[in-house]
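Computation of the quantities below employed the complete heavy-atom set of this structure, encompassing side-chain atoms and omitting hydrogens, waters and symmetry-equivalent molecules. Please read these numbers as outputs of a predicted model, since none were measured by experiment. Numbers for residues simply follow the sequence, beginning at 1.
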Amino acid sequence: MSAPVKKNDRVTVYIEDLTHDGNGVAKVDGYPLFIQGALPQETVEVHVLKTLKNYGFAKVIEIIEPSPDRVEAPCEYFKQCGGCQLQHLSYEGQLKWKQKMVENVMKRLGKIDAPVLPVKGMENPWNYRNKAQIPFAQGEEAAIAGFYKTKSHNIVDMERCLIQTGEADAILTGLKRELAKLGIQPYNEATHSGQLRHVVVRKGRATNEVMVVLVTKSRKFPQKEAAIEVIQRLVPNVTSIVQNVNGEKTNVIFGDTTITLWGKDTIEDTIGNVRFEISARSFYQVNPEQTEVLYKQALDYAQLEGNERVIDAYCGIGSISLFLAQKAGYVMGVEIVPQAMEDAKRNAELNGFTNTYFEAGAAEEVIPRWYKEGKEADVLVVDPPRKGCDEALLNTITEQKPKRVVYVSCNPATLARDLRILEDGGYKTQEVQPVDMFPHTTHVECCAWLELAE
């Protein structure tokens, strides 16, 4: 059957929902249209741009009846930049939509009937990012810097970003104006020429320490002394200036070589009562205020009394592990990235924890071996990447049956899938708590609590 609309048609539609990337969803005789910029509960006239067999794309011509939650996006780059998708939706509206989205995913994909609690949001959902990765390029007349347009590698030349720190804005606006004076040529992705690829700015929320990382194509950097002076002027509270070398033809930001040009090798931050050292390439959550909310939720769900053995799978630099170690008898963390394990051990030592153990390896391989060695867990915590838990790890959980599982997830879809597998293996999901880690985007983190069914 052909689609009920064709390219260049104009139709009036009602927006039912949003997609995972923030486009409105309407249906014409059951045929889905995805419409950028439209919000749920709106009636809009649209221009059909493209039709495929099972769905099509359209753009808004006129908003006939706006959503009660529609607001004017405060960022002047909102319609171009791909960083935020929901600035035109009130923050209260964002939280309501995210809760509904998690509820729908749990029921539709996982057949999970556990309550999904209201999303824990931020009092001030702006300037929350403690890490900015700013690409630089050569414009027609001068250097440009900003963030990429949606689904492209074309840079939107920007002067500020409303969700990042003032220090990152100072680098964004100031450094690109100084590059010509410094004699530094921005990188050209097409020709693999030029020197400066990215600048990464990291800030410790609790300490106010700032690290600036210059990602260059080659190690040779004759302008480094002048660059250090400029950065110190732009960011007076900078405590670490680092060069990272990436000579590959790649979209990956960092290379393998990192050199401290000035100041310390790391900066420090705290989440709750736990201190962390952060290096140029360390994984560290970009919203520490909400990270504390998420980790406290995981700690609450773990219900530790002081004697339990806890296993933390996909533990990264040990951030959740160290939160758990405050109340557990012993915490064992596993992570496939060896450098992350070194960071975890260093952070445990920094905080004086003696009840932790970290091992590099695949969780689905290491944890079964631990169980064979008699290192059983009372509570098992998982915080996997977006793809969710490895099937072998889920099998290990359902075979070994720790009495409680706490699942921290950055992807509701794979969370729902994995909860279904765990429930089929003898667990019962008690509740799911979403946390808004990334305001003004469609992303939401969740923390789920499961108990072994009796």
Side-chain angles (χ1 to χ4, degrees), residues 18-22 82 85 98 101-112 114 116 131 133 151 250-254 281-287 290-291 294-295 297-298 301 311-321 333-341 343-344 358-369 380-400 402 405-425 427 429 432-438 441-450:
L18 292 175
T19 66
H20 69 278
D21 52 2
Q85 301 88 40
K98 289 181 180 184
M101 181 267 289
V102 175
E103 287 176 340
N104 289 342
V105 168
M106 290 300 124
K107 291 175 182 176
R108 180 169 50 86
L109 295 183
K111 305 297 187 291
I112 303 298
V116 175
K131 179 183 179 184
Q133 300 179 147
K151 297 180 180 177
T250 176
N251 293 333
V252 175
I253 292 175
F254 285 116
R281 298 177 61 193
S282 290
F283 173 78
Y284 187 69
Q285 293 279 11
V286 301
N287 186 340
Q290 289 297 89
T291 298
L294 181 67
Y295 289 1
Q297 188 65 60
Y301 281 165
I311 290 178
D312 182 10
Y314 310 101
C315 71
I317 63 169
S319 45
I320 293 181
S321 300
V334 57
E335 167 63 50
I336 200 166
V337 181
Q339 181 57 52
M341 288 293 79
D343 289 342
F358 296 100
E359 183 173 332
E364 60 272 16
E365 297 174 2
V366 172
I367 292 175
R369 174 169 53 77
L380 194 142
V381 178
V382 296
D383 183 9
R386 290 192 62 80
K387 67 179 182 179
C389 288
D390 187 277
E391 183 180 359
L393 176 60
L394 293 171
N395 290 338
T396 297
I397 295 171
T398 56
E399 289 169 5
Q400 302 301 334
V405 175
V406 179
Y407 193 133
V408 178
S409 169
C410 60
N411 185 343
T414 54
L415 171 63
R417 179 201 68 196
D418 291 352
L419 293 184
R420 178 71 269 148
I421 294 170
L422 292 172
E423 289 210 351
D424 290 344
Y427 285 86
T429 306
V432 178
Q433 175 63 70
V435 176
D436 192 26
M437 192 77 78
F438 305 100
T441 78
T442 56
H443 299 292
V444 62
E445 300 265 335
C446 293
C447 189
W449 160 33
L450 299 94

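Residue Q400 holds its CD atom at 9.0 Å from CD1 of I311, rounded to the nearest 0.5 Å. Atoms OG1 and CD1, from T398 and I421 in turn, are 9.0 Å apart once rounded to the nearest 0.5 Å. Here the CD1 atom belonging to I336 is positioned 12.0 Å from the SG atom belonging to C315, to the nearest 0.5 angstrom. Atom CG in N287 sits 14.0 Å away from atom NZ in K131 (nearest 0.5 Å). Distance CG/L394 to CD/E399: 11.0 Å, rounded to 0.5 Å. Between the CG atom in N411 and the CD atom in E445 there is a gap of 10.0 Å [rounded to 0.5 Å].
Counting only distance, with no hydrogens or angles, the side chain of D312 and the backbone of S321 share a donor-acceptor pair below 3.5 Å. A donor-acceptor pair under 3.5 Å is formed between the side chain of T414 and the backbone N or O of R386. With D343 contributing its side chain and I317 its backbone, the two residues share no donor-acceptor pair below 3.5 Å. The main-chain N or O of Y284 is never found under 3.5 Å from a side-chain atom of S282 such that the two would form a donor-acceptor pair. The backbone N or O of C446 lies less than 3.5 Å from no partner atom in the side chain of S409, so there is not a single donor-acceptor pair. Judged by distance alone, with hydrogens and angles left aside, the side-chain atoms of Q290 form no donor-acceptor pair with the main-chain N or O of V435 at under 3.5 Å. In terms of modelled atom types and a separation under 3.5 Å, the side chain of R420 and the main chain of K111 share a donor-acceptor contact. In terms of modelled atom types and a separation under 3.5 Å, the side chain of E364 and the main chain of L393 share no donor-acceptor contact.
For the residue pair A298 and V408, the shortest heavy atom distance occurs at CB-CG2, 4.2 Å. Nearest heavy atoms, L380 versus V382: CD2-CG1, 3.3 Å. Here the closest non-hydrogen pair linking G316 and A344 is O-CB, 4.2 Å. What you find for P412 and M106 is that their closest heavy atoms are O-CE, 3.5 Å. Residues G333 and M341 come closest through the heavy atom pair O-SD, 4.2 Å. Shortest non-hydrogen contact noted between F438 and K98 is O-NZ, 3.4 Å.
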Checklist entry - Run the side chain to side chain contact (heavy atoms under 4.5 Å, CB included) check on V337 and F283 step by step: do they pass? => result CA-CA 10 Å; V337 181; F283 173 78; over 6 Å; no
Review point. Run the side chain to side chain contact (heavy atoms under 4.5 Å, CB included) check on Y314 and I320 step by step: do they pass?
Key: CA-CA 10 Å; Y314 310 101; I320 293 181; over 6 Å; no
When you look at L18 and T442, which way does the side chain to side chain contact (heavy atoms under 4.5 Å, CB included) test go after all the steps? CA-CA 9 Å; L18 292 175; T442 56; 5.7 Å; no
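Put simply, the side chain of W449 does not reach to within 4.5 Å of the side chain of Q433, judged on heavy atoms.
When V381, L294, V432 are each tested for a side chain to side chain contact (heavy atoms under 4.5 Å, CB included) with C447, only one passes: L294.
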